[in-house]
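Each chain gets a letter, A, B and so on, in the order its sequence line appears, and its residues count up from 1.
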Amino acid sequence: MDESPKESPRDFIRSIVAADLASGRHRAIVTRFPPEPNGYLHVGHAKSICLNFGIALETGGQCNLRFDDTNPEKESDEYVRSIQEDMRWLGFDWRDGLHFASDYFEALWQAARELVEKGLAYVDEQTAEEIRATRGTLTEPGCPSPWRDRPAAESLVRLDEMRAGALPDGACVLRARIDMASPNLNLRDPALLRIRRATHHRTGDRWCVYPMYDFAHPISDALENITHSTCTLEVEDHRPLYDWVVANVTLPSRPRQIEFARLELTHTVLSKRKLLALVQEGIVGGWDDPRMPTLAGLRRRGVPPDALRDFCERVGVAKANSVVDVALLEHCVRERLNPEVPRYMGVLRPLELVIENYPEDGEEWLDARNNPEDPAAGTRQVPFSRRLWIERDDFRQEATRKFWRLAPGREVRLRWAYFVTCTGVELDPTTGEPVRVLCTYDPATRGGDAPGGRTVKATLHWVSARHAAAVDVRLYDRLFLDERPGEDWRDRLNPHSLEVLAARPAEPALAMVAPGARVQLERLGYFCADARDSRPGALVLNQIVGLKGAAAKG
RNA sequence: UGGGGUGUGGCCAAAUUGGUAAGGCACCUGACUCUGGAUCAGGGGAUUGUAGGUUCGAGCCCUACCACCCCAGCCA
């Protein structure tokens, strides 16, 4: 027995799990992630996935993937496909634990019969409207249905007719017989089974009776021997019903439901309804639009899956509703990318720079380190010549103390190349904007270092105009202006969430990167070669995240 | 006005059986630096929702109050 001090559990759920293991209540832990296949997974789901699979991994247990497909009208195979793809991308393996609630329809049916036989459920022939009208309100108790006390045998007959398709949709419903006066509305004889003639994505037209979540979920959990069934806060007052089902149906195990707060992120929306609207209204390009908080979107954006997992761990698990700053996600992404992503130079807003004392047709290839963070990444060569592109932002006609880049009279370093001193600028006669910056270079600084140890305040990235490749760049910003877009979210969309920059100059080596590759454009940020839109010779770069403070210059 | 939850620095979030407020992100400063990045060092900032009470001592216990979230689908 190893009694060495262990790390205390990271959150209250893991504490419960640890206690259940320590007390011998469970010998092995089984969790599950139970998505309904009616939408794409998003970062909020990632939190739940990391929690459930994390617990399984840490305890040597198992985490199942169970599709909660009990409402055929909203579910489809496209979603079960995408959900599995996204989960695998995130890095999790459910092994042989792939299940569908629809696999349990027969068992659910038997459970329904058992409850009726025990007098714990009955077939109610009231209309949906009547049931709603007699449920009572938050402060007043409900009225019992006239069918509540009918003989079990009679309910059983009707139940069989429901399944047999003898009754039209909505003709009746199976209700649990609990307490119409309960202050918890979920206990006022909740519906368990309803008739719905709809083709199910897996069972086709075999069934016309479908179980409700409150009935299917606890039974599915028990059938899979789930030990800890986590869910979000809004299902907290369903727990007594969950426990009621588990206690009253003959089941192989007794799972326990534990609730935690769902994840919310600033500057985005995470509700399925709003996400669907963004896609259907064409506000974004699809579920995998890089601005979307969906896993498909984050993947296309270039976010590494382990950065996302790290994020989920850092966010924690608790019961307080909270909104996490998207800056934390961005931090996790940078932290993951910085040490291992190769650097390149490219210019987003080009301004011509001419080196007057450099030979007209001169050319030389200079060594550049691929990643200053990682000597093993080696070097590459970048072409240098008399005409270069630099970033417009890196030049100002009037320099201030806070601005230490290029300005008339100023000397700066061109990364991996030479020190240059600005000798003049040509302006557009009508706009007054600079169109060409004139410089002289110091041949003694070749490679970027001055012999006498002379230093310079700024280093600029640049691209040789004659050698430049052209790449398309897509810059992304938060989808919403507000940290927490409310119901008027459509009015709070950030008009600049996407900026497309066509044919920007880039060093030749950048044009050679493979689709899907992640790179850093020096001084600009991290980018991912879009795997779908990039063509040979026509690279498309998606911005993953900018460099920290990249926007706050001068 | 019923029930269920939650309230700890700008944002998350810890705090063994009550012992005198971790950590991360964000922000600021300094060092270093061929990315105003990274790294390193340091810093500001919390009367732990409020008011009482118990106690030598309370974020943790008691009482009252306040705020916010969820619930009246034959959705999940």
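A:Val323 comes within 4.0 angstrom of the backbone, heavy atoms only, and of no base. Using a 4.0 Å heavy-atom cutoff across all strands shown, A:Thr127 reaches at least one base atom of the nucleic acid. Residue A:Gln126 is in base contact, counting any heavy-atom pair closer than 4.0 Å across all strands shown. Here A:Val317 lies in heavy-atom contact (under 4.0 Å) with sugar-phosphate atoms only. Across all strands shown, A:Glu234 has heavy atoms under 4.0 Å from sugar-phosphate atoms exclusively, and none from any base. A:Pro211 comes within 4.0 angstrom of sugar-phosphate atoms only, judged by non-hydrogen atoms across all strands, and of no base. Counting any heavy atom pair closer than 4.0 Å across all strands shown, A:Asn38 reaches no nucleic acid atom. Using a 4.0 Å heavy-atom criterion, one finds that A:Thr137 contacts the bases of the nucleic acid, with or without backbone contacts as well. Counting any heavy atom pair closer than 4.0 Å across all strands shown, A:Ile131 reaches a base atom. A:Arg314 comes within contact range of the sugar-phosphate backbone alone, with a heavy-atom separation under 4.0 Å but no base atom that close. Among the heavy atoms of the strands lying under 4.0 Å from A:Gln520 is at least one base atom, whether or not backbone atoms are also near.
Comparing B:C74, B:G2, B:G37 by their closest approach to the side chain of A:Arg196 singles out B:C74. In this structure, of B:C27, B:G2, B:A76, it is B:A76 that holds the atom nearest to the side chain of A:His238. Nearest to the side chain of A:Lys74, among B:G5, B:A38, B:C75, sits B:C75. Out of B:C74, B:A76, B:G2, the shortest distance to the side chain of A:Glu36 is found at B:A76. For A:Asn321, the listed nucleotide lying nearest its side chain is B:C69; candidates were B:G24, B:A26, B:C69. When each of B:C25, B:A38, B:C74 is scored by its nearest atom to the side-chain atoms of A:Leu328, the top-ranked nucleotide is B:C25. When distances run from any side-chain atom of A:Ala320 to the nucleotides B:U6, B:A72, B:G37, the shortest one goes to B:U6. Between B:C75, B:C74, B:A14, one nucleotide has an atom nearer to the side chain of A:Ala191 than all others, and that is B:C74. For A:Asn338, the side-chain atoms get nearest to B:A38 when compared with the rest of B:G2, B:C71, B:A38. Closest to the A:Leu185 side chain, of the nucleotides B:C69, B:C71, B:C75, is B:C71.
A:Phe100 does not carry A:Arg66 over the face of its six-membered ring by the limits of under 6.0 Å from the centre and within 45° of the normal. Judged by a 6.0 Å distance limit and a 45° cone about the ring axis, A:Arg163 is positioned over the six-membered ring of A:Trp109.
Ring centroid separation for the pair A:Tyr210 and A:Phe105 comes in under the 6.0 Å cut-off. The six-membered or imidazole ring of A:Phe384 lies near that of A:Tyr418, with a centre-to-centre distance under 6.0 Å. A:Tyr242 has its ring centre no less than 6.0 Å from the ring centre of A:His238.
When both distances must be under 3.5 Å, the Watson-Crick or G-U wobble mate of B:C60 does not exist. In this structure B:G7 sits in a base pair with B:C66, meeting the Watson-Crick or G-U test at under 3.5 Å.
Across the C1' atoms, B:G45 and B:C28 are found 11 Å apart, a figure rounded to whole Å. Comparing the C1' positions of B:C71 and B:U17 gives a spacing of 36 Å, expressed to the nearest Å. If you take atom C1' in B:A72 and the same atom in B:G2, they sit 11 Å apart, rounded to whole Å. The C1' atoms of B:A21 and B:G4 are separated by 29 Å, rounded to the nearest whole Å. Going from the P atom of B:G30 to that of B:A38 covers 16 Å, rounded to whole Å. The gap from the C1' atom of B:C40 to that of B:C32 amounts to 8 Å, rounded to the nearest Å.
Results of the salt bridge (charged side-chain N to carboxylate O under 4.0 Å, His left out) test with A:Glu411 over A:Arg454, A:Arg405, A:Lys457 single out A:Arg454 as the only residue that passes.
Using a 4.0 Å cut-off, some side-chain N or O of A:Arg135 falls inside it from OP1 or OP2 of B:G73. Between A:Arg132 and B:G73, a side-chain N or O to OP1/OP2 separation shorter than 4.0 Å is present. Proximity of A:Lys319 to the phosphate of B:C68: no side-chain N or O atom is located under 4.0 Å from OP1 or OP2. For B:A76, one of the phosphate oxygens OP1 or OP2 lies less than 4.0 angstrom from a side-chain nitrogen or oxygen of A:Arg194. Between A:Ser322 and B:A13, a side-chain N or O to OP1/OP2 separation shorter than 4.0 Å is present.
Base orientation of B:G73: syn, since the glycosidic angle falls within 90° of 0.
Within 3.5 Å, a donor on the side chain of A:Asp237 pairs with an acceptor on the base of B:G3, or the reverse.
Of the N and O atoms on the side chains of A:Asn52 and A:Thr230, at least one donor lies less than 3.5 Å from an acceptor on the other residue.
The local environment of CZ in A:Arg148 is crowded, with over 12 non-hydrogen atoms from other residues, nucleotides or ligands closer than 6.0 Å.
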